[in-house]
Amino acid sequence: MIPARPVTSLQNATVKAARALHMRKEREASGLFLAEGLKIVAEAVELGRTPRTLFFGREAADHPVLQRVARATAQAGGELLEVSHDVLEKVSRRENPQTVLGIFPQAFTPLQDIQPDAAACWVALDRVRDPGNLGTIVRTADAAGAGGVILVGECADPYSVEAVRATMGSIFAVRIARAALQEFLAWRTAWPGSVVGSLLSATTDYRAANYRAPTLLLMGNEQQGLPPELARACDVNVKIPMRGRADSLNLAVATGIMLYALLP
Ligand SMILES: C[S@@+](CC[C@H](N)C(=O)[O-])C[C@H]1O[C@@H](n2cnc3c(N)ncnc32)[C@H](O)[C@@H]1O
């Protein structure tokens with residue numbers, strides 16, 4: 001086993017700094033985030049993203065995958081900490097914590113670095129508020145084969161612990177960009193394919209519209225939907241038929257339906 005520093009004190013500075021990553025202010029100041037679970041941390045390492053700090057419990061220490069992850073972490077200059085159950089609980093703020101936790105650098109893609117033709121569809125989210133929705137959309141974008149997710153305006157933090165949990169590891173596989181509204185509107189003018197607004201008030205059924213790849217799918221805020229300024233910036237606005245008494249679909253569900261319609 002690669003040598004790791006044993007830590008049992010809940011007052012340890014690294015433990016306290018890791019726990020502080022539950023707060024957005026601390027994530028923004030440090031540019032770091034917390035990912036939980038051996039499978040997810042191992043997937044990150046496979047994608048070339050090694051943790052700055054790897055926490056693991058004694059019970060995970062002999063696992064061959066953990067050993068591989070620990071070797072990669074040490075080789076990349078990361079820190080290895082073998083910690084008590086209490087420390088895992090404190091860092092994860094969970095009573096039944098995962099036995100492996102990793103602290104990673106955040107990796108936003110600059111908007112200008114997005115290459116539309118690198119994928120058949122991209123998703124833009126207007127002021128998404130719910131971290132669970134955001135994480136589920138990142139996971140769904142990964143599953144469906146979208147290029148990435150662009151966060152427009154004031155959005156939930158994709159690197160919050162709750163959002164990262166909901167991505168189930170896809171946070172490492174999907175490009176995430178962010179843009180202020182005006183910046184997005186200016187950038188969108190050079191989009192080479194169809195910009196598609198998903199709106200309850202649209203009159204065109206999403207299955208009846210013609211789309212030109214690469215598509216840029218625009219989804220609205222959970223409470224307010226897509227504002228007129230963004231709806232007007234789309235080449236086509238479409239709706240998913242609502243047949244029962246529900247007046248709308250959950251944002252992540254609507255995004256999933258649209259993504260599978262737009263991707264070949
Ligand atoms: C919960 S809905 C927003 C509901 C909001 N009260 C409204 O009036 O738009 C969140 C987002 O999911 C998408 N959405 C939900 N149901 C939809 C549907 N039936 N057709 C198209 N988009 C839908 C839209 O992008 C919407 O902005």
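If you read the sequence from its start, that first residue is 1, and numbering goes on from there. Counting starts at 1 for both ligands and their atoms, in listed order.
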Compute the shortest N/O to N/O distance between [X] and ligand 1 and return yes if it is under 3.5 Å, no if not.
X      : value
Asn250 : no
Ser198 : yes
Val238 : no
Leu249 : yes
Ile240 : yes

query: Linking I/L/V/M/F/W/Y whenever their side-chain heavy atoms sit closer than 4.5 Å, directly or via other members, would Val138 and Tyr260 fall into one cluster?
result: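 No.
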task: May I ask you to identify the nearest protein heavy atom to atom 7 (C) of ligand 1, giving residue, atom name and distance to one decimal place in Å?
output: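 Checking every protein heavy atom, the shortest distance to atom 7 (C) of ligand 1 gives Leu200 CD1, 3.5 Å.
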Assess whether a salt bridge exists between [X] and [Y], defined as any Lys/Arg side-chain N lying under 4.0 Å from an Asp/Glu carboxylate O.
X      : Y      : result
Asp205 : Lys239 : no
Glu79  : Arg52  : no
Arg175 : Asp142 : no

task: Answer with side chain, backbone, both or neither: which part of Leu199 has a heavy atom less than 4.0 angstrom from an atom of ligand 1?
output: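 Leu199 to ligand 1: backbone contact only, side chain stays beyond 4.0 Å.
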query: How does Met258 reach ligand 1, if at all, at less than 4.0 Å between non-hydrogen atoms: by side chain, backbone, both, or neither?
result: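 None of Met258 does.
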message: Tell me if the centroids of the rings in Phe172 and Phe33 come within less than 6.0 Å of each other.
response: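 Yes, ring centres under 6.0 Å apart.
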